[in-house]
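Below: the structure, in structure tokens.
Since we're looking at a predicted model, the values are computed, not measured. Numbers restart at 1 for each chain; the letters A, B, ... are given by sequence-line order, proteins then strands.
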Amino acid sequence: MADDSSSPKATGKELRDDSCSNGDALVLKPKKMKAKEKSLQSGKAKTHKKSLKSSEYENRLLFAINIMKTSKKESMDFEDSGDRRVQLDVKEELKEDPDFVVQGKGKKRKRKTDHRDGPSSTSEAPLPKKKKKVVKEEGQMNLGTEKKKKNEVKVKVKKEEGDRPVSVKKKKSKEEIEAARALKLKKKEEEEKQRWRWWEEEKYEHGIKWKFLEHKGPYFPPEYQPLPDDVKFYYNGKAVKLNPPAEEGALYFAQMLDHEYTTKEVFRNNFFRDWRKDMTLEEKQLIKDLNKCDFGELLVMHKQRVEARKNMSKEEKQVIKEANQKIVEEYGFCVLDQHRERIGNFKIEPPALFRGRGDHPKQGMLKKRIQPEDVIINCSKDSYIPEPPAGHRWKEVRHDNTVTWLASWTENVQGSCKYVMLNANSKLKGEKDWEKYEVARRLKLCVDAIRAQYLEDLKSKQMGTRQRAVAFYFIDKLALRAGNEKEEGETADTVGCCSLRVEHITLHDTLDGEKCVVEFDFLGKDCIRYYNKVPVIKRVFKNLKLFMEKKQGGDDLFDRLNTQLLNKHLSSLMAGLTAKVFRTYNASITLQQQLQKLTNKTDNVAEKLLSYNRANRAVAILCNHQRAPPKTFDQSMANLQAKIDSRKEQLALAKKELKQAKKDSKGSSDNKLLASVYHSRRLQRAIYFFSQHLYISDVSLIAVCVFSLVDKKKKAVQRCEEQLLRMEVQATDKEENKQIALSTSKLNYLDPRISVAWCKNIEVPLDKIYNKTLRDKFAWAIDMTENDFVF
DNA sequence: CTCGTAACTTAGGACCCCTAAC
DNA sequence: GTTAGGGGTCCTAAGTTACGAG
């Protein structure tokens with residue numbers, strides 16, 4: 001957790017300093033220990049040989065306590081290996097654990113052995129670098145406070161970088177890690193320096209998207225490689241050598257044989273029809289039935305290739321990775337108004353079998369290979385014009401700065417246009433995104449009036465107006481999509497609000513104790529089912545009954561309404577208002593409200609994050625963002641549950657032990673205590689050791705021992721509880737998230753400024769909720785949002 | 001005004017790769 | 001060292017909306 005991550009870092013630093021000087025070596029005061037320190041100080045533990053300052057004494061005592069804790073679990077062989085070893089261990093222990101809590105042993109042991117061969121080098125080598133780094137960071141911080149807002153992003157990035165090594169530092173050679181870290185840091189710095197702070201610049205006049213645009217053109221997928229001779233396609237049991245285009249089609253089909261698609265009649269028929277188009281006359285005459293085709297060897301080859309790729313050595317993978325990097329470097333960027341911007345999809349879509357979603361009538365059709373002759377290039381007149389691949393030419397080169405795409409082509413299956421556009425972190429996308437949320441915020445200001453208006457319209461004498469009002473009610477209340485009409489037979493049968501049909505809703509005068517319930521059941525975008533039972537106001541209910549009169553299930557519910565009419569009306573109510581703005585508005589306002597409701601400042605980070613996820617989830621549910629439950633869901637849930645159960649047992653045990661320890665310490669007299677402590681040979685040795693080396697008396701040490709036992713048990717219980725809580729939170733989160741996709745709303749509907757402000761206010765590091773990609777995409781919001789932002 | 005389509009956003013699944021746990 | 005799981009990225013389909021032609 002990054003919120004604690006600053007403390008281990010600080011502690012680490014102090015400890016390293018300690019190891020050089022010795023007087024103030026033990027100035028370590030975790031907050032939790034304060035009370036205990038006091039009680040110890042005032043208690044028996046006042047006997048010391050040398051005149052130590054009291055604070056130093058305290059610290060040594062604390063140090064001793066920690067050793068005591070360690071002493072029972074870790075076998076410290078004082079007699080054999082002498083002081084050096086012990087001190088080493090202690091150092092290690094403290095280094096790991098700022099709160100002096102003894103943690104699980106397994107890993108520590110390992111680490112100890114790792115360090116043992118070169119204690120001097122391990123304790124000294126990293127020191128200078130570490131120090132340097134800290135200094136650097138402080139410098140950054142100062143800069144940050146001076147320049148305040150402008151450098152906030154920078155500072156954050158630095159911090160995050162600094163945190164990482166603390167948790168990773170164990171293995172590998174120090175130099176390697178240092179080098180890697182330095183490299184990353186440099187890269188990040190570079191990146192930040194190069195970030196285009198477009199949101200601080202003046203906007204272009206309406207409609208102008210850029211003034212200069214230069215790029216290398218799209219990247220074309222590799223040509224088809226014919227099958228090796230030993231991989232054969234069979235028809236009716238006989239090997240047939242297909243001509244390359246037909247062979248290519250056969251391979252695409254073969255590659256999908258393990259997928260459900262290839263069992264669907266529509267898919268098979270579409271494929272077969274398109275495939276035959278690529279056959280020679282001869283082949284066509286021979287191959288007339290897909291069922292007689294045997295793609296087995298092709299599939300085997302494909303699987304082998306996949307397997308081989310997976311089993312490649314690290315070096316081989318690295319080579320491929322570098323090659324890809326090179327391609328990205330060359331084709332993945334453009335220059336837009338003097339800034340280098342990442343392109344989102346610079347690769348031309350390779351040929352494939354069309355995978356429409358749901359019952360798509362065109363599934364299985366062959367999506368053809370795109371040639372440069374199909375591609376339109378868009379760039380500045382005065383820019384370097386991209387070269388088409390050798391022997392080819394572009395369909396067209398145009399210079400249209402009112403659009404944002406760099407290249408486009410028409411896809412053959414649906415006849416739609418495909419575009420090469422910029423990445424989400426670009427100015428063009430970011431500005432649009434920002435604008436989208438600003439429109440939604442404007443809606444907030446007039447939403448009451450608009451709602452009043454449509455409630456009024458429910459009573460209109462005009463049928464069209466009433467339908468519009470009811471549709472509007474759904475869009476507002478349920479965040480339905482607008483629902484354009486679609487051409488029948490071209491796409492799967494899905495609907496949105498305006499295209500709802502009578503068969504998609506059922507009216508219940510009463511249902512489950514509620515009145516006027518509308519039951520929705522239809523397939524929405526991507527054939528995701530929308531199922532919901534919603535109580536509605538009476539006027540809406542009555543209207544629905546009216547709209548459904550004398551209609552068949554297949555008839556339009558809103559026969560006098562379409563999206564154009566609806567949007568036209570909306571834009572008359574507020575500039576820029578369309579149906580989808582309501583989705584954005586309702587999503588963002590819901591997040592804000594839920595966050596307000598669910599989060600407590602006193603919660604720990606895990607709980608805060610659960611709250612955030614729950615707020616996020618409320619939005620995802622509202623917007624019906626679903627996902628297929630992960631295939632391994634049940635299994636991993638069971639695993640987690642098993643872990644929780646075992647942790648519970650551990651907790652019970654720990655509690656029992658604590659109780660016993662308390663009983664021992666309270667119920668027994670000093671003599672008994674003494675006896676019990678002296679009973680342990682190991683503790684005896686420890687006491688001897690400390691009385692020699694730390695100038696603490698036996699008596700105080702005994703007190704320390706007893707105290708530390710109870711304390712240790714307490715800590716164990718506490719830690720167990722924390723872990724259990726964390727796991728339970730995780731399990732809840734997971735269960736609730738089984739079929740809900742949070743990412744879509746996070747990416748497209750939630751004003752990032754809400755999240756940024758929340759993080760700032762409630763002290764959750766932003767990277768807990770936004771990964772790197774999202775932080776890049778929302779750089780504008782991260783930079784400009786103050787704590788008091790309200791959507 | 002209707003219709004078609006260009007342009008752009010929104011969407012879920014596939015797949016890859018890193019990390020934590022064993 | 002291996003592997004499972006999950007986050008992150010890639011991919012491209014499927015929406016919405018604006019706009020221009022007829």
Contact summary for Cys379(A) and Leu213(A), nearest pair of heavy atoms: CB-O, 3.5 Å

5′-ward residue of the pair Arg357(A)/Leu428(A) relative to DNA chain B: Leu428(A)

Under 4.0 angstrom between Arg355(A) side-chain N/O and dC11(C) OP1 or OP2: no

Atom pair distance, as rounded to whole Å: CD in Gln363(A) and C1' in dG12(B): 16 Å

N or O in side chain of Lys772(A) less than 4.0 angstrom from dG7(C) OP1/OP2: no

Pair His215(A) + Phe346(A): ring centers closer than 6.0 Å: no

Separation of atom CH2 in Trp434(A) from atom P in dT9(B), rounded to whole Å: 16 Å

Whole angstrom value for the distance that separates C1' of dT12(C) from CD of Glu411(A): 10 Å

Side-chain N or O of Lys321(A) closer than 4.0 Å to phosphate OP1/OP2 of dC18(B): yes

Side chain of Trp405(A) (C-beta onward), nearest among dA11(B), dC18(B), dA7(B): dA7(B)

Rounded distance (Å) that lies between atom C1' of dT9(B) and atom CG of Leu750(A): 15 Å

Gap between atoms CD1 and P, on Ile327(A) and dC10(C) respectively (whole Å): 13 Å

Atom-to-atom span, NZ of Lys777(A) to P of dT10(B) - whole angstrom: 7 Å

Side-chain N,O (Asn484(A)) to OP1/OP2 (dT16(C)) below 4.0 Å: yes

Minimum-distance nucleotide (side-chain atoms of Glu349(A) versus dT12(C), dG15(C), dC16(B)): dT12(C)

Phosphate contact (dA6(B) OP1 or OP2) by Lys418(A) side-chain N/O below 4.0 Å: no

Among dT9(B), dC11(C), dG12(B), the one nearest Ile528(A) by side-chain distance: dG12(B)

Residues Glu435(A) and Lys432(A) bridged, charged N to O under 4.0 Å: no

Closest to the Phe354(A) side chain, choosing from dA14(C), dT12(C), dC8(B): dA14(C)

Lys/Arg N to Asp/Glu carboxylate O, Glu329(A) vs Lys326(A), below 4.0 Å: no

Sugar-phosphate only, base, or nothing, as touched by Gly415(A) at under 4.0 Å among non-hydrogen atoms: nothing

Nearest-nucleotide pick for Tyr419(A), side chain only, options being dT16(C), dG8(C), dA7(B): dA7(B)

Rounded distance (Å) that lies between atom P of dC19(C) and atom CG of Asp400(A): 13 Å

Geometric cation-pi criterion, Lys477(A) with Phe520(A): 6.0 Å, 45°: no

N or O in side chain of His259(A) less than 4.0 angstrom from dG13(B) OP1/OP2: no

Aromatic plane relationship, Tyr530(A) with Phe522(A) - under 30° parallel, 30 to 60° tilted, over 60° perpendicular: parallel

Working for side-chain contact (heavy atoms from CB on, under 4.5 Å), residues Val764(A) and Leu609(A): CA-CA 8 Å; Val764(A) 168; Leu609(A) 285 173; 4.1 Å; yes

Nucleic acid contacts - residues 558-589 of chain A versus DNA chain C, non-hydrogen atoms under 4.0 Å: Asn567(A), Thr578(A), Ala579(A), Lys580(A)

From dT12(C), dC8(B), dC11(C), nucleotide with atom closest to Asn345(A) side chain: dT12(C)

Sugar-phosphate, base or nothing in reach of Lys367(A), heavy atoms under 4.0 Å: sugar-phosphate

dA11(B) OP1/OP2 closer than 4.0 Å to side-chain N/O of His625(A): yes

Distance test, side-chain N/O of Gln414(A) to OP1/OP2 of dA14(C), below 4.0 Å: yes

Nearest to side-chain heavy atoms of Ala482(A), which nucleotide of dT17(C), dA11(B), dT9(B): dT17(C)

N/O (side chain, Lys525(A)) to phosphate O (OP1/OP2, dA13(C)) under 4.0 Å: no

Sugar-phosphate only, base, or nothing, as touched by Ala492(A) at under 4.0 Å among non-hydrogen atoms: nothing

Lys209(A) side-chain N/O to dC8(B) phosphate OP1/OP2 under 4.0 Å: yes

Closest-nucleotide 5' rank along DNA chain C - winner of Gly496(A) and His206(A): Gly496(A)

Residue whose closest nucleotide on DNA chain B lies nearer the 5' end, Ser408(A) versus Asn748(A): Ser408(A)

Ring centroid separation Phe267(A) to Tyr261(A) under 6.0 Å: yes

Lys/Arg N to Asp/Glu carboxylate O, Lys368(A) vs Asp374(A), below 4.0 Å: no

Position toward the 5' end of DNA chain C (nearest nucleotide), Leu774(A) or Arg481(A): Leu774(A)

Thr494(A) vs dA14(C): side-chain N/O to OP1/OP2 distance below 4.0 Å: no

Distance-only donor-acceptor test, Lys432(A) side-chain atoms vs dT9(B) base atoms, 3.5 Å: no

Length of the NZ-C1' vector between Lys395(A) and dA6(B), whole Å: 13 Å

Phe582(A)/Phe472(A) aromatic ring centres below 6.0 Å: yes

